[in-house]
Amino acid sequence: MDSRIIASNLADLYKKAADKYESLPAFATRITALEWQPVTFRELYERGRKLSAGLIELGVEAREHVGLFSDNRYEWMLADYGIQLSGAVNTPRGADVTDDELIYIINHARIRVAFVENDALQKKIVRLRPELPELQEIILMSPKSEPLEGVRALEEVMAIGALQLEKGDKRVNERMEQIRPDDLFTLIYTSGTTGKPKGVMLTHSNMMSQMSVIPIDLACTDRVLSILPIWHIFERVFEVYTISCGACNYYTSIRTLGDDLQNVEPTFMGSAPRLWESLHQRILENVRSAHPVRRALFHIAYFLGHYYQESIFYISDNDLQLKDESKIKRAIFKIGHLIRLLILVPWYGFFNVAVLETIRKSAGGSIKATVSGGGALPIEIDKFFNYIGIPVLEGYGMTETCPVIAVRTEERLVNGTVGPPVPDTEVRIVDIETEEVLFPNKKHPHEGRGMRGEIWVRGPQVMKGYYREPEITKTVLREGGWLRTGDLGMMTFNDSLKILGRSKSTIVLSNGENLEPEPIEMVLRQSRYIEQCMVVGQDQKFVGALIVPRLDAFADDGIKATALEDLLDNPKAHNIIRNEIKTMMARTGGFKRFEQVREFRFLPKPFKVGDEVTNLFKLKRHVIDKKYEEIIREMFSAKEVKV
Amino acid sequence: MEFDTQLLYAIDEALLGIMILIIMFGMGASLTIDDFKAVARQFRGVLIGFMSQFGAMPLVALGLAIVLNLDPAFAIALILIGCLPGGTTSNMFTYFSRGSVALSISMTTASTIMALLMMPILLSLYTTGFTQQLSETLFAAGEVGDFVIPTSNIIISLCLVLVPVAGGMILRRFSPGWAKTAEDTAGFMAIIVILFLLGTLFIRHGDILIRTPWQLYASAIGLGLAGFFFGFWVSRLFGLQPIYQRAISLETGIQNGPVSFAIILLSFADTPVRDQMLWLAILYSAFIVMTSSFITLYYRKKGRFDWEVYRNTVVHNRLFGENYVTNYPEDFLPPRIAHDPSQGTSASQRR
């Protein structure tokens, strides 16, 4: 049942949602595990109108940038309603924003009115005020704290607006009518893995294009669990999509996720690979600690699931096709798979019911589909979830494309890829050196499928540009509307996009060999001893790794350590990791000799969100390189001496 | 049809006995005291289920036996199966058909206890004609004595069957982990038993499947299907919600096969008549797995929407409070769900 609302802009969508879904819950906020506070579509819209009238009264102009510094909460959406209904643009950032970022963003975006989430943030912004000459109004979102001097409470602004509306103020309606499709709805400063933040200008038509291409059917009966930061476009598009379908968003957090999965019984969830990795670990831990009989049953079930699903993939042409195969060969193999499938079906049927269902229940039980985005999902984890019967729709995108470029669908569930490009979107594979189009190009066999290059994209979701950065915009946004993604990829023979790493993170060894660190890191991170890691080796003779060990895994093996520092010089721990790296890399296979990790160092501290990793746990390589310069230098010099 | 040689050897019977033990133990391992208390909470559903299980189902069996003109031994077996309590596999099928598992468990629990009372009454009520017929045939064949339903033996067998169930419950009380394992093993065992029996019988009496008349197949398959059908409509006539309809439907059709083996083996003298009864029980148990799989798939697909509406209501009531009312847009709910007078028990479901 597909009932999504199609609107011309975000404000229009909010209005239509209120008219259509009226008193259905739109958002639910957790108070305790079993007590949540719902807010209806109508309430949200009416409050949004009051806020909007208040903002206009405070002097917010159409198309003006309004700051929104907060993590996920119902008031975030309320603030966005207010901003969008005023025809303004929001400039969001999480509550963990640093002083430097705050100053840079407010001044660069010329923000005059800013929402701040809580007491800590209002103090911070008030302290920095001397450096923010253009800032005029600060609005505190949390009702739990008292606004400081010069700060208004959200309720106060809404009261001002309510008064205006009572007086018959029609400005909100006028503003809504004046919104044009290519007006901005948001200006998102990317934390970026390199350089200073850049303001990505996204338009209403960018956003609306996403509403029609998301390949997941939600309805009023669906429950969506939200865990990613809302100011990130991936999460935001899904929340808006949830609104357009009349489903309800439930805000959860890492800390309460386990409980919330059980209590909310989400039917849909979008998350970053990190969540799937930890869910995967948790399931394996449960299996490991289960009774031997149950463990055996799980292994049989997983074995059956594996071969059953692989046959299904092959028969439906959804296997990973990196090479061209003759039709005859495929036809013969298909018959083979069909026979295998028929033999497996009754057994799979039983184990699916008796064993795999229990595993799926640990993820809430009602999940119909999940989307993973914001980073590459390790293939083993990807397959794991598919084999146990939770289809993961991995997607690919970036803030600059609002964000979806390609995503797997239920029909095109090709493991190891990010699926076909979404409708109305063109994808090119371009040679990095010569900028020659490799795909689609009739000159090459199969129009260039299977050739590696940089991914370029053109479509209705591509941003307008970087705010006040025409030079940088020019390097990324090419003539004809093509956007350089900076990612390496290829088109498979069944027209799904496969991502091969960042073109920028490529490590060039001193012998001139090129390698992508991400695939290696993904393999290493699957070890239960390794929490986080980064592969280094630019201009070196071999590849090294910086490793943040997982303390509880070592504790299980009898190596007690209360802090990471305790492990730094522990020879036993070093031996375990050395063997672990070897077995992990050998098991996955496919790594060339020069890609083998030959040396590593433990790090004394984990990577911190905001410092060494972005909110989506992407490594900020330049930051880590710089911070652990000494350790890296020592690691490579030590080996040189020995050799 | 007659069996020229013995259907089961002593070793098969011993194996079968052990398997019944394991299965009933597994059934106990899935039960807690709360499940018994839940019977009271769902009294209406259990009562309607009871009517369907002990009211409609034995009548269906009797009707099939008459219509298909079965031999008296088969007819008695069919009625016996029709009077059995529900099996634990129905709980699993109900879960996957998006039915009410709670009701299914309550019904299994209640019917297992009630069977002690109901089976003797129903058997004596419905089988009289057939036992007379059987006695006459036996007399004609030169045997002495009447064929009677060994009522007291049946009650004793039923009690014996309940012993491992109680054992399972005790295990559950002290080690939920092992109880879960026992439950899974039992589920798997049920399928193995049927495959094993069919396999050995097929090897021993190669042509048994061909010699079996079509009426026997029709009755073995038809009993389950008719049970599903009547269970669904009886509960619907009483105005129950779709999730309860599906639970009662499956619970009515799926009888406790192992109990029928136990009763037949323990209560009846080792004669060709017993072999005939056993053969029908085996056929029923084999076909019910297949028919309920298909019915489950069908219900699962058909019930998707009302299940989602129901789950959403449950979650809303759990998180937003007992009295929270979910108001869907007009035309979102099809008339049948929107105007169903029995939309559940909580305030929010009544509209």
Side-chain angles (χ1 to χ4, degrees), chain A residues 1 3 17 19-25 28-42 218-223 246-248 250 260 262-267 289-298 300-301 346-347 349-355 357-358 361 364-366 368, chain B residues 26 88-89 91-98 101 175-192 195 289-290 292-294 296-297 300 304-322 324-334 337:
Chain A
M1 190 162 313
S3 57
D19 289 344
K20 183 167 179 189
Y21 305 121
E22 285 287 346
S23 58
L24 275 175
T29 309
R30 187 183 202 273
I31 298 165
T32 66
L34 289 173
E35 194 190 344
W36 293 58
Q37 178 66 46
V39 55
T40 70
F41 285 96
R42 175 55 66 192
L218 294 182
C220 304
T221 47
D222 281 296
R223 296 173 299 282
C248 183
Y250 295 78
D260 295 347
Q262 301 302 322
N263 294 333
V264 174
E265 298 180 26
T267 55
S289 60
H291 283 246
V293 181
R294 292 191 66 75
R295 201 154 58 208
L297 285 176
F298 171 78
I300 297 171
W347 305 103
F350 174 75
F351 278 95
N352 180 33
V353 166
V355 184
E357 182 68 14
T358 346
K361 263 197 207 162
S366 295
K368 294 188 224 168
Chain B
T88 33
T89 36
N91 305 347
M92 194 174 78
F93 282 112
T94 302
Y95 174 85
F96 280 94
S97 71
R98 306 182 207 261
V101 178
S175 168
W178 277 106
K180 192 87 190 78
T181 309
E183 201 187 324
D184 285 357
T185 318
F188 194 48
M189 195 58 100
I191 294 179
I192 297 285
L195 288 177
V289 177
M290 291 178 235
S292 34
S293 297
F294 283 114
T296 298
L297 284 179
R300 189 177 168 76
R304 182 177 176 149
F305 183 74
D306 72 68
W307 174 253
E308 283 176 3
V309 173
Y310 166 75
R311 280 325 294 177
N312 205 34
T313 308
V314 169
V315 173
H316 283 177
N317 284 345
R318 182 193 297 155
L319 302 180
F320 306 155
E322 277 296 307
Y324 184 87
V325 179
T326 312
N327 287 315
Y328 292 101
E330 231 171 281
D331 300 337
F332 178 74
L333 297 179
I337 297 185

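Below, chains carry the letters A, B, ... as their sequence lines are ordered, and counting in each starts from 1.
The distance from atom CG of A/Asp222 to atom CG of B/Asn312, rounded to the nearest 0.5 Å, is 8.0 Å. To the nearest 0.5 Å, atoms SG (A/Cys220) and OH (B/Tyr328) are separated by 7.5 Å. Atom OG1 of residue A/Thr40 and atom CG of residue B/Asn327 lie 10.0 Å apart, to the nearest 0.5 angstrom. Going from atom CH2 of A/Trp36 over to atom OH of B/Tyr324 covers 14.0 Å, rounded to the nearest 0.5 Å. Residue B/Arg311 holds its CZ atom at 12.0 Å from OG1 of A/Thr267, rounded to the nearest 0.5 Å. Here the CG-CZ distance, from B/Leu319 to A/Arg223, works out to 9.0 Å after rounding to the nearest 0.5 Å.
In this structure, chain A has a heavy atom under 4.5 Å from the side chain of B/Arg304, while its backbone stays farther away. If you measure heavy-atom distances from A/Ile31 to chain B, you find no contacts under 4.5 Å at all. At a 4.5 Å heavy-atom cutoff, B/Trp307 makes no contact with chain A through either its backbone or its side chain. For A/Pro25, the parts lying near chain B are the backbone and the side chain together; criterion is any non-hydrogen pair under 4.5 Å.
Looking at heavy atoms from C-beta onward, B/Phe332 lies in side-chain contact with A/Thr221 at the 4.5 angstrom threshold.
Side-chain contact annotation: B/Arg318 with A/Asn263, donor-acceptor N/O pair under 3.5 Å absent.
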(Q) Test salt bridge (charged side-chain N to carboxylate O under 4.0 Å, His left out) on B/Glu308 and A/Lys368; report intermediate values, then the result. (A) CA-CA 11 Å; B/Glu308 283 176 3; A/Lys368 294 188 224 168; 3.5 Å; yes

Q) After noting the C-alpha distance and the side-chain angles of B/Phe320 and A/Glu35, does the key distance pass the side-chain contact (heavy atoms from CB on, under 4.5 Å) rule? A) CA-CA 6 Å; B/Phe320 306 155; A/Glu35 194 190 344; over 6 Å; no

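For B/Phe93, there are no ring pair (Phe, Tyr, Trp, His ring centres under 6.0 Å) partners, not counting sequence neighbours. Taking the side-chain contact (heavy atoms from CB on, under 4.5 Å) definition, one finds that A/Gln262 meets it with nothing, sequence neighbours left out.
Your options are A/Thr32, A/Val264, A/Val353, A/Leu297, and the one with the most heavy-atom pairs under 4.5 Å with chain B is A/Val353.
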